[in-house]
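In this text the structure is predicted, and so the values were computed from the model without any measurement. Just so we're on the same page: letters track the sequence lines, and every chain starts at 1.
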Amino acid sequence: MVMHDIARDNPNAIEARNMSVYYGSFRAVKSVSLAIEKNRITALIGPSGCGKSTVLRSFNRMNDLVPSARVEGEVLFHGENIYAPGVDPVNVRRRIGMVFQKPNPFPKSIYENVAYGPRINGWKLSKRQMDELVERSLRGAALWDEVKDKLNQNGLSLSGGQQQRLCIARALAVEPEVILMDEPCSALDPISTLKIEELMFELRKNYTIIIVTHNMQQASRASDYTAFFLMDSDRAGQLIEYGPTAQIFQNPKDERTEQYISGRFG
Amino acid sequence: MAVTDLRRQPNLVQAIGERIIQIILLVAASISVLTTAGIVFSLLSETIAFFNEVSIVEFLTETEWTPLFATKKFGIWPLASATFLTSAIAMLVAVPLGLIAAIFLSEFASDRIRRTVKPLLEILAGIPTVVYGYFALTFLTPLLRGFIPELSIFNSLSAGIVMGVMLIPFVASLSEDALSAVPNSLREAAYGLGSTRFEVATLVVTPAAISGIVASIVLAFSRAVGETMIVAIAAGQNPRLTLDPTVPVMTMTSYIVQVSLGDTPYGTIEYYTLYAVGFTLFIFTFVLNIFSYWMVRKFREVYD
């Protein structure tokens, strides 16, 4: 698939235009328009069921795996709609990676976990190049020093926080442009959470990060932009307010945002 | 309320009732254990009687099996090789087809197709083996002779193939269970890295389910080893040491059928051969089951 970079200095990594997501006849997300800036961390927040995870999963067509799911509107990546006919979701996911709520390393060695993506994408790498890629990815995920002596151990033998960083390394290995993170710290202890947040700041230099989080403190301390979602009376998720994180948390324009971040509901 | 009210009030009827239920449950559980022990004991005692007359060295090194002839030879290998040959052919059929069916059902089929196909497949397991036996003898063998003219009427090839067909549902159903048990989070991880459906199925889900798949294969193999009717009907009654699938052979189970049918007097050496062969068969499947148990434990993946 050729993606035409129509605007090389386009500041946005991903842009949703009037995107609605349906599960069968149920509308889960209602015409969301949202432009995600490159090399920034954007947090999607809101109470349970507000559609923030659904929005995230629409950005790399993970919702395709749900048989009844359907997306209307556009999601632009390099100016091209990833839902246009003829677009292969496999190629989309290669360039827009994902880290999940629960660490889900493959039941393979640490090395093989990282090497999996490059292998299936048919990269012709020598043993040395692959070794280097694995090391670079593990360093990128701040895991190298902890695992360099046990690359052949099963990925599942690591602690929860290490497993999640392994999953990040695995995502980095295919050199995506955007990394979607779906509550990546919800299963982790505070110290592991802090490590992942520090890592996100590192990764921001080279990647665009979109993170769904339940944790208000996390959104306020670890993101550049924040999008606040809420469901309307039909239980469809809506984007209520979107802006720089500092503004959303200190000076929200919408009354509902203010109520939510001050802990009055959700 | 006083503390003493929390104490159990003596209730004789209830106490006796519970005791009786416990005893009934214990008896029920004991029956199967005792039966197994009884089978092993009777097998063992008659087998020992056999080995009092025939040396274990002859049993394991002689290449002919002629206990019903005037010159009696007692080498287990002709029977063991036939059992191995028919079982191996069956596995060549059952493993690939069963696995493909399992992967299709678990990873590719829609819910509706899975709900229709799986019960259909399990019907195969419900067909009596005697029907399979005559199917091999009267349908498959004549058909195969069109391609392999030198094929004997009784042969291990068609018996093995039909036995393999019988075992497809075992492999497919158990492997499908193992594949379906792989958590969806692993599939999502693989899709998230840009895997195709085929890559997810073959490179991630199947390796993650390998212990269950191997267990299903071992279970199918031990069924094949113990299978009696199909081989007795379609594979022949000629004990010979060969791995040629086109000629008549006699498996351990076929021999047991043959001797059990005749009027073999109690206490003769022919009678004891039944137990020696039966015991060998028992050892065979017992080892396979231990092996499969060990495989499942060793390779079981813990996802959480």
### Sole candidate of A:L203, A:I179, A:I209 that passes side chain to side chain contact (heavy atoms under 4.5 Å, CB included) when paired with A:I41
A:I209

### Message
Between A:R170 and chain B, with a heavy-atom cut-off of 4.5 Å, which part of the residue counts as in contact: side chain, backbone, both or neither?
### Response
both

### Query
Side chain, backbone, both or neither: which part of A:F106 has an atom under 4.5 Å from a heavy atom of chain B?
both

### Summary
Greatest number of non-hydrogen atom pairs under 4.5 angstrom with chain A, of B:L193, B:L203, B:V204, falls to B:L193

### Message
At a heavy-atom distance under 4.5 Å, which candidate from A:V99, A:L65, A:V174 has the highest pair count against chain B?
### Response
A:L65

### Query
Can you find a heavy atom in the side chain of A:D64 that is under 4.5 Å from one in the side chain of A:Y83?
yes

#### Entry: Best-contacting candidate, A:R94, A:R61, A:M62, against chain B by heavy atom pairs under 4.5 angstrom
A:M62

### Query
Are A:I96 and A:P176 side-chain neighbours, meaning at least one heavy-atom pair lies under 4.5 Å?
no

### Proximity breakdown for A:I120 and chain B, heavy-atom pairs closer than 4.5 Å
both

#### Entry: Within-4.5 Å side-chain heavy-atom neighbours: B:F104 and B:I113
yes

### Query
If you look at every heavy atom in A:T193 and A:L188, which pair is closest and at what distance?
OG1-O, 3.7 Å

### Task
Verify side chain to side chain donor-acceptor pair (under 3.5 Å) between A:S109 and A:E112, making sure each step is shown before the conclusion.
CA-CA 5 Å; A:S109 72; A:E112 284 303 318; 5.0 Å; no

### Query
Does any heavy atom of chain B fall under 4.5 Å from the side chain of A:P105, the backbone, both, or neither of them?
backbone

